[in-house]
K.L.:
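The structure under discussion is supplied below as structure tokens; questions concerning it will follow.
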Amino acid sequence: MSKSIVRVLTGITTSGTPHLGNYVGAIRPAVAASRAAGVESFYFLADYHALIKVDDPARIQRSTLEIAASWIACGLDPERVMFYRQSDIPEIPELTWFLTCVCGKGLLNRAHAYKAAVDKNNAAQVDPDSDVTAGLFMYPVLMAADILMFKAHRVPVGRDQIQHIEMARDMAASFNHLYGEHFVLPEAQIEEAVATLPGLDGRKMSKSYDNTIPLFASREQLRKLIAGIKTDSRAPGEPKDTEGSALFQIYQAFATPQETAQLRADYAAGIAWADAKNKLFERIDSEIAPLRAAYEDLMTHPERLEALLQAGAVKARSIATPFTSKLRHAVGLRDLRAQTGLGAQKKDKAALPSFKQYREDDGQFYFKLVDAQGKLLLQSEGFASPREAGQAVKRLQQPVLALAELLQEIRVKHVVTVQELESALQTMLAARD
Ligand code: TRP
């Protein structure tokens, strides 16, 4: 059952105000996908990442609030998905360090964002690393920690992020090779079907082009911004081209196929640009208005969002904390009272606890579990045939291993004697009957 669950994870950098391009390209499809069966979704506010680009504390806080409010207003259900803030999970920077120590520096030298900065400096004939922070350089390692911490299978991202997912795979594989199979190798998920939305000037809607329409602009602002979308100079009555029309493309992202076909017919019939813009405005506003009301309500209640994120952090840490303990142990950050393994360096089969099967004088078949030194840990009743004894061992092996793993993960410090455990278990079974 749990095998068929696909874990999908994505982060949103808290460095700006969500715009319609983010809504169409990321928020709307993600909220829809999070409702599918068999999917476990992780959405988080990548505020550590935001620090790489933004050094204005008020803007970081404002953006975090706006993005959290936007996702919830757009229907993300925090009961159903993991919704948390990266900086609430201290295990993430810890894992970042573990990965830093297995990540080749050369790999980071080849990261697009870093290379672009260096190329720019070279072109300007200044020091190649001029104005490049170590944060920008380390960006892919932090992102790998985000992904690997929750064993995500799929990471929906834009094309510009594919390289980062490959790098996360690389780091996961290096770590696994050195310390055992701890990480799942993630895959990028590129939504071919989701069109990129053009902005006011016809280029891709993006903060860096300053051509965006804020997702939760007021109705009046929205009308004004739409009126400013670039069109050609064809007069009312002249047929218009849908090809290359930003207005048409934006309309299509919100409309049903029938509505789109109707607008295409209107274009051919020479609809006035002002009328087309009005049509677009009403179409967008009908979808956004109810979400906007929810957004405005949330923005005036930051305490609700704060509580929701903190609850999300508790859920996320219930995974991150035990997993990090396991990783600490794997790399050798261990309780000194635990056996060091020095002197027993070779992974000798004989030095492990094991099940043994044997026959007693009574003619019955038995098994026992003995530790590395041969001390008896567990002893069966007699079975009529070796097959039955063997089957019992088979049934026991997996739960015993699972128990060992669980005790380590939750860092149980003390286990009672077998006698105490046995009588407690018997009482529990009796109570169940
Ligand atoms: N780098 C991503 C972006 O700019 C944001 C991000 C941070 C992310 N951590 C992530 C995305 C982990 C996916 C998975 O869009």
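Whatever order the structure lists them in is the order used to number ligands and atoms, beginning at 1.
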K.L.:
Could you state the interatomic distance from OG1 (T196) to CZ (R159), rounded to the nearest 0.5 Å?
P.N.:
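Going from the OG1 atom of T196 to the CZ atom of R159 covers 10.5 Å.
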
K.L.:
Think K240 forms a cation-pi with F248, using NZ or CZ under 6.0 Å from the six-ring centre and within 45 degrees of its axis?
P.N.:
no

K.L.:
May I ask you to list the atoms of ligand 1 that are less than 4.0 angstrom from any heavy atom of T13?
P.N.:
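Here the atoms of ligand 1 in question are 3 (C), 4 (O), 5 (C).
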
K.L.:
I need the atoms of ligand 1 closer than 4.0 Å to a non-hydrogen atom of V155, numbered in the order shown.
P.N.:
13 (C), 14 (C)

K.L.:
Show the atoms of ligand 1 that are less than 4.0 angstrom away from any heavy atom in A46.
P.N.:
7 (C)

K.L.:
Within the 4.0 Å heavy-atom shell around T10, which atoms of ligand 1 are there?
P.N.:
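Every atom of ligand 1 under 4.0 Å from some heavy atom of T10: 11 (C), 13 (C).
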
K.L.:
Is a salt bridge present between R169 and E166, judged by a nitrogen-to-oxygen distance below 4.0 Å?
P.N.:
no

K.L.:
Using a strict cut-off of 4.0 Å, indicate which atoms of ligand 1 neighbour a heavy atom of I147.
P.N.:
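Every atom of ligand 1 under 4.0 Å from some heavy atom of I147: 12 (C), 14 (C).
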
K.L.:
Tell me the protein heavy atom at minimum distance from atom 11 (C) of ligand 1, and give that distance in Å.
P.N.:
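Looking at atom 11 (C) of ligand 1, the protein heavy atom closest to it is G11 N, 3.4 Å.
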
K.L.:
For Y84, is the NZ or CZ atom of R317 found under 6.0 angstrom from the centre of its six-membered ring and inside 45 degrees of the ring axis?
P.N.:
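The answer is no; the distance or angle limit is not met.
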
K.L.:
Examine Q161 against ligand 1 and note whether any of their N/O atoms are separated by less than 3.5 Å.
P.N.:
yes

K.L.:
Under a plain distance cut-off of 3.5 Å, with no hydrogens placed, do Y48 and T96 share a side-chain donor-acceptor pair?
P.N.:
no

K.L.:
Please confirm whether Y139 comes within less than 3.5 Å of ligand 1 when only nitrogen or oxygen atoms on both sides are compared.
P.N.:
yes

K.L.:
Heavy-atom count around Q61 CD within 6.0 Å, excluding the residue itself: above 12?
P.N.:
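Atom CD in Q61 is not packed in, count stays at 12 or less.
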
K.L.:
In the structure I gave you, are the side-chain heavy atoms of W97 and V331 within less than 4.5 Å of one another anywhere?
P.N.:
no

K.L.:
Distance to 0.1 Å, residue and atom name: give those for the protein heavy atom nearest to atom 9 (N) of ligand 1.
P.N.:
D146 OD2, 2.7 Å

K.L.:
One residue to check: I12. Relative to ligand 1, which of side chain, backbone, both or neither has a non-hydrogen atom less than 4.0 Å away?
P.N.:
neither

K.L.:
Does R283 count as lying over the ring of F254, i.e. NZ or CZ under 6.0 Å from the six-ring centre, within 45 degrees of the axis?
P.N.:
no

K.L.:
Should the proximity of Y48 to ligand 1, defined as any heavy atom under 4.0 Å, be assigned to the side chain, the backbone, both, or neither?
P.N.:
neither

